[in-house]
Novice: 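Before we start, here is the structure in question, set down as structure tokens.
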Amino acid sequence: MSPEAHSAPRSLAEALRARDDASLAALLRSRPDLITPVPTDLTQLATRAGTRASVLRALERLDRFALQTAEALAVAPDPASYDTLLGLMAGDAGDETVARALPRAVATLREQALVWGDDERLRLVRTARELLAPSPQHPSPTGLGPTVQEATSGMSPGRIQEIVTTAGLPSTHDSVTAVAALTGLFTHRRKMAKLLAGAPEAAREVLSRLVWGPPYGQVTADPAAHLRWLLDRGLLLPTAPGTVVLPREVALHLREGRAHRAPEPLPPAVAPAATHSPQVVDATAAGQAYTALATVEELLKDWDEGGPAVLRAGGLSVRDLKRTAVALDVSEPVAAFWAELAYAAGLIASDGEADERYAATPAYDEWLELPPAERWARLARAWLAATRTPGLVGGRDAKDRTLSALGPGLDRSAAPEVRHRVLSLLAALPQGAAPDAESVLARLRWERPLRGAQRDGARDDDLRSRLARWTLSEAELLGVTGRGALSSQGRALLGAPAAPGAPATPGADSAEPTGPGDKLPVHHHRAPERLAPLSPAEQGVAAAAAARLLAPLLPEPLDHVLLQADLTAVAPGPLRRPLADMLGVLADVESKGGATVYRFTPASVRRALDAGRTAADLHAFLAEHSRTPVPQPLAYLIDDVARRHGHLRVGAASAYVRCDDDALLNEILADKRAAALRLRRLAPTVLAAPADPATLLEGLRAMGYAPAAESAEGDVLITRAHAHRTPPRTAPEPVPDGPPPPDATLLTAAIRAIRAGDLAATTPRKPVGEPLAGGELPRTSAAETLATMQAAVLTGDSVWIGYVNAEGAASQRVIAPIRVEGGFVTAYDHTADEVRTFPLHRITGVAELADD
């Protein structure tokens, strides 16, 4: 036997044991579920890597060609040589593109411990073979059926001999050699071609229909002559009454050796649909970013005094979502997106009261104080990391319940990865290029194909495709993209370098590190289309860089408006916050767009007076902030409302109305609209009502009067809008898509622990005492354990112990005892690579290491 044969691994554990630390780190990084918790040794790591759940997870993360390679190995002999695999992938004629791409695919499968062994003996992990191999219940994506040996396993020896003889082969003395002879015939290209040359035309037609799968067909009890010709020669084999199958070897001959009809060694390119000037893209995206900020502010302002009620099952009702959409002047799906974005950013939450409602959080007030670009960066960062999926709103869950905005059931753990990948594909295009959406979807399907899905036709109903479509539309709404192309601030948000030859973006010079510890997370060593997700620290730096790029592109807030004679004011752009807040109280928004139109009404002026402003304050405010003179109709409106404001006084009786003008009270009593208030006169200047003061105030205002509330002492109460806030709330945590990828520190510690545990498990040792069942841990008496430890201290030798910790978990360790006293042994623990103290009563037994 050759030295190479001696060194070939006999199991996955041995193959892992031969890897270096860098290779093990790559495995644990690509399959983080293997490190949760850290395996005790490499045997346990190999066992965990072969479990069904872990293998399924690994297969789902393979690209199309790597998965096709695994599928080919599942229908190849076990083990298979690299040349055999190449023949299955490239066919008899050979395909240079497939041949060049195959080493990468095999390396990927090896790295992820789905394939082990050298190039002469490639083995697919048993669980992966079970998942991918053909069976009647689970057809192979290759379209191949069972082998001749598998299909004839239940066939009578006499029938097998008949098939062999009819196929032109000599009869054999047993079924095993007969099946082997038939298999040899079907795998011999020249002999097989000669056999098929004599087939009837109808028989060849049947084979052509079955060759690419599914390989099963139906026959009657008395099949036609052409079917009988195929059955007699084993080109079709019965699997059940009335069912026949095309053997794998026959199909491979007809396919010219190819396991797949259309191997896809190369990813489909993302094609640009249009190209725009980078300046146009950035300006458009900045406009969308400004609109996004205005929309979120408007949403939160609408819910400032307490928003919609929370449904018993959680979330917004359909009616409340419609009202929100009308208030924001957007469609309901878009309204759901803005509500979910504010929720993901921690700006809104439920207040937790008995009558639970949605409201702004204290974080919203802090957010309002930030510069506009930083506010946008916070929204964009929350969107990029959120697992909440607004596109699902209105759909149905597994229990056929409607999914509501802000409700449960909207988390999809794949959403952040898909968003990041879609934007990374956009970043790989030239600056200003907008992608063709279908080419993006095709690329994503190649990178993460659906197992069992159609290979020759894209499925548009899978979740990743829908997430990708939603990403493209949401990125445009948010201003990450402009006209479909990734903006400069979008690139910075990803940590992507600027596209080659991209013109300088205004403000780009300011996007430099601001301190000695700040570094822009631009991975220059990676291709732009392979950007890795950023760590939380890098995300913060990237968001700050994106904000610095966006800031010069946003319009400067204005400190003035244009008053017009028709009781309106025009804001030609965004207003500074104090001006916008005051104008929002004094007037109603009539229209929005590039310029916002406000309208002054008696009700809006009274609202400002109720908030504590006097007529003189309002005149001064308008004169200060208007570029045009205050129109006379507006001045008259303010004076007229102020003159009547507070003329009537409302207090608690349950409620009363008092007024020095008894004629005015007579007018109120005579008004039919006051009947519902059930007013009665207590004195010439006082009316009483059983309603509460707030109801009485609203009723009189609805009749056209301008009453003012007063305290028990008779002073006028100044009522300001009450901003309802929730208790401090944290933003919802994204739902992880499995265990998070381990960082470098965890990987180093885990590999060291696995290596040490493997050393303890595989080190030769002398038997001492009675071993446990299975021979895993030694069992020695307390006296034997103490004597062996004391002897090891004197000789400086290492020993192997079984140890049970305080939680009852058993482990095996190699230690070098240093001191034994007081019922404890102090030793250097090779497994943990540190000096530790072990209670002697927790040591199950001890064994000396073998001399070799």
Novice: Donor-acceptor pair, distance only, cut-off 3.5 Å: does the side chain of Arg443 make one with the backbone of Leu425?
Specialist: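 No; judged by distance alone, with no hydrogens or angles, the pair does not exist.
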
Novice: Let me confirm one number: the CG-CG distance from Leu132 to Leu73, rounded to the nearest 0.5 Å.
Specialist: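 Leu132 CG to Leu73 CG: 9.5 Å, rounded to 0.5 Å.
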
Novice: Side chains of Leu85 and Val106, heavy atoms from C-beta outward: is any pair under 4.5 Å?
Specialist: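 In short, these two side chains touch, coming nearer than 4.5 Å.
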
Novice: Step by step, work out the side-chain hydrogen bond (donor to acceptor under 3.5 Å, both in side chains) result for Asp33 and Thr36.
Specialist: CA-CA 5 Å; Asp33 57 297; Thr36 310; over 6 Å; no

Novice: Between Ala269 and Ser439, which heavy-atom pair has the shortest distance, and what is it?
Specialist: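 Answer, listing the atom of Ala269 first, then Ser439: O-CB, 3.8 Å.
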
Novice: Looking at Glu264, is its backbone amide N or carbonyl O close enough to the side chain of Trp446 to form a donor-acceptor pair, meaning the two atoms are under 3.5 Å apart?
Specialist: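 Such a contact is found between Trp446 side chain and Glu264 backbone.
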
Novice: In terms of side-chain heavy atoms, does Asp411 have a donor or acceptor partner in Thr387 at a distance below 3.5 Å?
Specialist: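 Distance-only check passes for Asp411 and Thr387.
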
Novice: So, Glu249 side chain and Val148 main chain: donor-acceptor pair closer than 3.5 Å or not?
Specialist: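 Yes.
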
Novice: Output yes when a side-chain donor or acceptor of Thr481 lies under 3.5 Å from a complementary backbone atom of Leu486, and no otherwise.
Specialist: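 A pair under 3.5 Å: no.
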
Novice: Check this for me, if you would: do Arg483 and Glu476 make a salt bridge, where the nitrogen-to-carboxylate-oxygen distance has to be below 4.0 angstrom?
Specialist: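 Between Glu476 and Arg483 there is no salt bridge, as every charged N stays at least 4.0 Å from the carboxylate O atoms.
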
Novice: Compare all side-chain heavy atoms of Ile163 with those of Met155 and state whether any distance is below 4.5 angstrom.
Specialist: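 When only atoms from C-beta onward are counted, Met155 and Ile163 do touch, with a gap below 4.5 Å.
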
Novice: Compute whether any side-chain donor of one residue and acceptor of the other, for Arg17 and Thr43, lie under 3.5 angstrom apart.
Specialist: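 Yes, a side-chain donor-acceptor pair sits under 3.5 Å.
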
Novice: Within this structure, what is the CG-CG distance for the pair Leu467 and Leu392, rounded to the nearest 0.5 Å?
Specialist: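 The CG atom of Leu467 sits 7.5 Å away from the CG atom of Leu392.
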
Novice: Give a yes or no on whether a salt bridge exists between Arg228 and Asp232, defined as a side-chain N under 4.0 angstrom from a carboxylate O.
Specialist: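 The answer is yes: the pair qualifies as a salt bridge.
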
Novice: Spell out, as yes or no, whether a donor-acceptor pair under 3.5 Å connects the side chain of Arg258 to the backbone of Arg261.
Specialist: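 Pair found, side chain donor or acceptor close to backbone of Arg261.
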
Novice: What distance separates Ile754 CD1 from Leu28 CG, expressed to the nearest 0.5 Å?
Specialist: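 One finds 5.5 Å between CD1 of Ile754 and CG of Leu28.
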
Novice: Which pair of non-hydrogen atoms, one from Ala13 and one from Leu42, has the smallest distance, and what is that distance?
Specialist: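 Taking every non-hydrogen atom into account, CB-O, 4.3 Å.
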
Novice: State whether the side chain of Ser30 and the backbone N or O of Ala26 hold a donor-acceptor pair below 3.5 Å, judged by distance alone.
Specialist: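 Yes: the side chain of Ser30 pairs with the backbone of Ala26.
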
Novice: Quick one: does Thr147's side chain get under 4.5 Å of Pro247's, heavy atoms only?
Specialist: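 No - every pair of side-chain heavy atoms lies 4.5 Å or more apart.
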
Novice: CG/Leu114 to CG/Leu12 distance, rounded to the nearest 0.5 angstrom?
Specialist: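 So the CG of Leu114 and the CG of Leu12 are separated by 9.5 Å.
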
Novice: Looking just at side-chain N and O atoms, do Gln112 and Arg61 make a donor-acceptor pair shorter than 3.5 Å?
Specialist: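 Judged by distance alone, the side chains do not pair up.
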
Novice: So which atom in Pro134 and which in Leu144 form the shortest heavy-atom distance, rounded to 0.1 Å?
Specialist: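 Between these two residues, the closest heavy atoms are CB-O, 3.3 Å.
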
Novice: Output yes when Asp119 and Arg110 qualify as a salt bridge under the 4.0 Å nitrogen-oxygen rule, no when they do not.
Specialist: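 Salt bridge present between Asp119 and Arg110.
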
Novice: Counting distance only, does the side-chain N/O of Thr166 pair as donor-acceptor with the main-chain N or O of Glu162 below 3.5 Å?
Specialist: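 Indeed, once roles are kept as given, a pair shorter than 3.5 Å links the two residues.
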
Novice: Could you tell me whether the side chain of Pro157 reaches within less than 4.5 Å of the side chain of Ser175, counting heavy atoms only?
Specialist: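 Yes, at least one pair of side-chain atoms sits under 4.5 Å.
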
Novice: Given the rule in the side-chain contact (heavy atoms from CB on, under 4.5 Å) test, do Leu56 and Arg52 qualify, once you have shown the distances and angles that lead to the verdict?
Specialist: CA-CA 6 Å; Leu56 268 173; Arg52 182 180 178 87; 4.2 Å; yes

Novice: Val115 vs Arg123, test: side-chain contact (heavy atoms from CB on, under 4.5 Å). Steps then yes/no.
Specialist: CA-CA 5 Å; Val115 167; Arg123 291 184 181 272; over 6 Å; no

Novice: I'd like to check Val179 versus Thr183 (side-chain heavy atoms, cut-off strictly below 4.5 Å). Are they in contact?
Specialist: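 In short, these two side chains touch, coming nearer than 4.5 Å.
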
Novice: Give a yes or no on whether a salt bridge exists between Arg412 and Glu417, defined as a side-chain N under 4.0 angstrom from a carboxylate O.
Specialist: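 Not counted as a salt bridge, because no side-chain N and carboxylate O are separated by less than 4.0 Å.
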
Novice: Assess, by modelled atom type and distance only, whether the side chains of Gln161 and Thr172 contain a donor and an acceptor separated by less than 3.5 Å.
Specialist: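 The criterion, which ignores hydrogens and geometry beyond distance, is satisfied for Thr172 and Gln161.
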
Novice: Could you tell me if the side chain of His226 sits less than 4.5 Å from the side chain of Glu205, heavy atoms only?
Specialist: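 The answer is no; the side chains never approach within 4.5 Å.
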
Novice: In the structure I gave you, are the side-chain heavy atoms of Ser81 and Arg121 within less than 4.5 Å of one another anywhere?
Specialist: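 No, their side chains stay 4.5 Å or more apart.
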
Novice: Can you give me the closest heavy-atom contact between Gly391 and Trp470, atom names plus distance?
Specialist: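 Scanning both residues, the minimum pair turns out to be O-CZ2, 3.4 Å.
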
Novice: Do other residues, nucleotides or ligands put more than 12 heavy atoms under 6.0 Å from the NE2 atom of His188?
Specialist: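 Enclosed.
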
Novice: Could you tell me whether a side-chain N or O of Arg255 sits under 3.5 Å from a main-chain N or O of Ala259, the two making a donor and an acceptor?
Specialist: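 Between the backbone of Ala259 and the side chain of Arg255 there is a qualifying donor-acceptor contact (under 3.5 Å).
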
Novice: Hey, is the main chain of Arg445 close enough, under 3.5 Å, to the side chain of Arg464 for a donor-acceptor pair?
Specialist: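 Between the backbone of Arg445 and the side chain of Arg464 there is no qualifying donor-acceptor contact (under 3.5 Å).
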
Novice: Within the distance-only criterion (no hydrogens, no angle test), does the side chain of Ser23 pair as donor or acceptor with the backbone N or O of Arg19 below 3.5 angstrom?
Specialist: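 Judged by distance alone, no pair lies under 3.5 Å.
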
Novice: Under 4.0 Å between a Lys/Arg side-chain N and an Asp/Glu carboxylate O for Arg57 and Glu60?
Specialist: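 Looking at Glu60 together with Arg57, the answer is no, because their closest N to O distance does not fall below 4.0 Å.
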
Novice: Show your reasoning for whether side-chain contact (heavy atoms from CB on, under 4.5 Å) applies to Met192 and Leu235.
Specialist: CA-CA 10 Å; Met192 190 64 175; Leu235 298 174; 3.5 Å; yes

Novice: Do Asp174 and Thr177 have side-chain atoms, one donor and one acceptor, less than 3.5 Å apart?
Specialist: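 Yes - a donor-acceptor pair under 3.5 Å links their side chains.
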
Novice: Taking all atoms of both residues into account, what is the closest heavy-atom pair of Asp95 and Ala90, and its distance?
Specialist: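 Where Asp95 meets Ala90 most closely, the heavy atoms are N-CB, 3.5 Å.
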
Novice: If we ignore angles and hydrogens, is there a donor and acceptor under 3.5 Å between the side chains of Ser54 and Arg31?
Specialist: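 Result is yes, a qualifying pair exists.
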
Novice: Search all heavy atoms of Leu237 against all heavy atoms of Thr152 and return the closest pair with its distance.
Specialist: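 Result for this residue pair: CD1-CG2, 3.7 Å.
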
Novice: Are any non-hydrogen side-chain atoms of Pro267 and Phe65 less than 4.5 angstrom apart?
Specialist: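 Answer no - side chains too far apart.
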
Novice: Can you measure from CG (Leu494) to CG (Leu384) and round to the nearest 0.5 angstrom?
Specialist: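 Taking CG in Leu494 and CG in Leu384, the distance rounds to 6.0 Å.
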
Novice: Give a yes or no on whether Glu150 atom CD has more than 12 heavy-atom contacts from other residues, nucleotides or ligands under 6.0 Å away.
Specialist: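 Count over threshold, so yes.
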
Novice: For a quick check under 3.5 Å, do Arg64 and Gln68 share a side-chain donor-acceptor pair by atom type?
Specialist: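 Note: Arg64 and Gln68 side chains miss the donor-acceptor criterion.
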
Novice: Is it the case that more than 12 heavy atoms not belonging to Glu256 sit under 6.0 Å from its CD atom?
Specialist: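 Atom CD in Glu256 is not packed in, count stays at 12 or less.
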
Novice: Does atom CZ of Arg126 have more than 12 heavy-atom neighbours from other groups under 6.0 Å away?
Specialist: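 Counting other residues, nucleotides and ligands, CZ of Arg126 stays at 12 neighbours or fewer.
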
Novice: Working note: Asp92 + Arg189, criterion side-chain contact (heavy atoms from CB on, under 4.5 Å); need CA distance, chi angles, decisive distance, verdict.
Specialist: CA-CA 10 Å; Asp92 295 343; Arg189 293 288 185 262; 2.7 Å; yes

Novice: For the CG atom of Leu102 and the OH atom of Tyr82, what is their distance to the nearest 0.5 Å?
Specialist: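 Nearest 0.5 Å value for the CG-OH distance: 3.5 Å.
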
